[in-house]
Amino acid sequence: MASVNIYKVSQKILGNCIQKQLWRSYATAGTVSSFKAKDVEVIKSNSLAPKPDVGKLKFGHHFTDHMLEIEWTEGSGWKQPKICPVHNFEIHPGAKCFHYATELFEGMKAYRGDDDKIRVFRPMENMKRMLSTAERSCLPLFDGRELVELIKQLIFIDAAWVPRATREQPSSLYIRPTMIGTEPTLGVNRATQALLYVLIGPVGPYYPTGMAPVKLLADPKFVRAWPGGSGNFKMGCNYAPTLAIQSVAEKHGCQQVLWLFGDDHQLTEVGAMNLFTFWINEQGDKELVTAPLNGLVLPGITRKSLLELGKKWGEFKVTERDYTMNEVVKALNENRLLEMFGAGTACVVSPIEGILYKDEMLQIPTMNNPVITNRCMKELLDIQYGRTPSDWVEYLD
Ligand SMILES: *Cc1c(COP(=O)(O)O)cnc(C)c1O
């Protein structure tokens, strides 16, 4: 246990240090060396692709006609931003991103409302997270506001691709900002050349089965993140190692992995989503609980939004704390466990019906009465599609 405490302390120091630096660069965004949205060069495609059928959208399979691209070198900083036709890259095979995964990404969405207006959900939150990941990856910083303005211009140009959603088919435009280290040298060190680019594409529901509940494999043998590691940053190197575990889960008839941590089997995340548990706690209070931002979970914007909504409703306790499988099993046995769900941009909310833990499939009663799961889903979608006015959305201009 002593070693765990040391980890916790060092994580705190690392966290503070990164946080402070990020804040400095962010606060002085105007003075940080950055590309500027007003300098953008727009090269329009003269062969527009046919739009896919909205009913058949598969997550991440479709891209619009244009992309955004900005090069950076240590010597001369950011080049002029370019909105251009989606195209293949020509990158030297020695580029650092291909060897040491000097790569980061973001995931955000734009929604076409019933009023035909296009809304982007909390994009500056994604920029803050992208900058913190850039810092952790030794990739260059920039002014997040400028990138948001460029993304809006890109969406405006490809606006015909932003699908018209229905309540049954909550389709939207997925936005994938990415940054890679392109310096073609094999030393394990920071890249002195980088490329920031943004792809966008229409998406349907993340799970083709819609709100169908999922089963999770919870095997403490497998760990996604650890104190002092990088699990709280959205960098590609965190995801490749999870694919094999995902297929172990599928072999056991589960759709996702429930990532546990520590000797006490703390619940951290589910797949690439944050995890929420709604129960009656041991004190007899209704409580919505999720793991804290202690370095083991990705600071999700859906997570943050649901915590803020839950507190605003004021109808139950809303808590960020460590909690363990023992507590979940005990609550289940005492009929205090009500709902569990994953939360993230791609799926919004994903109800959980079972957890395979120690060779036993625990039946999670979420779908018996998914009051909080449904409410979280509905209230977020209502904001995103403009049915509920909110300052969480930004418009294209
Ligand atoms: C992206 C991601 C989330 C969800 O974050 P959102 O900002 O809500 O989309 C949660 N966990 C992991 C591991 C992620 O990569």
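Numbering of ligands and ligand atoms starts at 1, following listing order.
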Inset, instruction - With heavy atoms only and a cut-off of under 4.0 Å, state how Asn274 meets ligand 1: side chain, backbone, both or neither. - result: both
Legend entry - Short N-O contact, Asp143 and Arg145, less than 4.0 angstrom: no
Inset, instruction - Look at atom 5 (O) of ligand 1 and say which protein heavy atom is nearest, naming residue and atom and giving the distance to 0.1 Å. - result: Gly300 CA, 3.3 Å
Legend entry - Side-chain ion pair, Lys152 and Glu149, N-O less than 4.0 Å: yes
Legend entry - Ligand-side contact atoms (ligand 1) for residue partner Thr345, heavy atom cut-off under 4.0 Å: 6 (P), 7 (O), 8 (O), 9 (O)
Inset, instruction - May I ask you to check if ligand 1 and Gly271 share an N or O to N or O distance below 3.5 Å? - result: no
Legend entry - Test: Arg303 and Glu125 ion pair at under 4.0 Å: no
Legend entry - Distance from atom 15 (O) of ligand 1 to nearest protein heavy atom, with residue and atom: Tyr239 OH, 2.4 Å
Legend entry - Nearest-neighbour protein heavy atom for atom 8 (O) of ligand 1, which is reported as residue plus atom name and distance: Thr302 OG1, 2.6 Å
Inset, instruction - Say whether Arg224 and ligand 1 are in contact under the criterion: heavy-atom distance to a ligand atom below 4.0 Å. - result: yes
Legend entry - Crowding at CG, Asp53 (>12 non-hydrogen neighbours, <6.0 Å): yes
Inset, instruction - Give the residue, atom name and distance (to 0.1 Å) of the protein heavy atom nearest atom 3 (C) of ligand 1. - result: Ala272 O, 3.3 Å
Inset, instruction - Just go through Leu306, Ile301, Val297 and tell me whose heavy atom is the nearest to atom 6 (P) of ligand 1. - result: Ile301
Inset, instruction - Tell me which part of Arg129 gets within contact of ligand 1: side chain, backbone, both or neither, using heavy atoms under 4.0 Å. - result: side chain
Inset, instruction - Tell me which part of Glu269 gets within contact of ligand 1: side chain, backbone, both or neither, using heavy atoms under 4.0 Å. - result: side chain
Inset, instruction - Could you tell me whether the side chain of Val257 reaches within less than 4.5 Å of the side chain of Arg224, counting heavy atoms only? - result: no
Inset, instruction - Number the atoms of ligand 1 from 1 as they appear, then name those within less than 4.0 Å of a heavy atom of Met273, with their elements. - result: 10 (C), 11 (N)
Inset, instruction - I would like to know whether Met130 and Leu147 meet side-chain contact (heavy atoms from CB on, under 4.5 Å); could you show each step before the answer? - result: CA-CA 11 Å; Met130 188 171 175; Leu147 185 56; 3.9 Å; yes
Legend entry - Asn88 side chain to Glu90 side chain, donor-acceptor N/O pair below 3.5 angstrom: no
Inset, instruction - Applying ring pair (Phe, Tyr, Trp, His ring centres under 6.0 Å), run through His61 and Phe63 and close with a yes or a no. - result: CA-CA 7 Å; His61 280 242; Phe63 299 102; 9.0 Å; no
Legend entry - Option whose closest heavy atom lies nearest to atom 1 (C) of ligand 1, chosen from Arg303, Lys304, Lys234: Lys234
Legend entry - Transitive ILVMFWY side-chain link Phe105 to Met179, under 4.5 Å: no
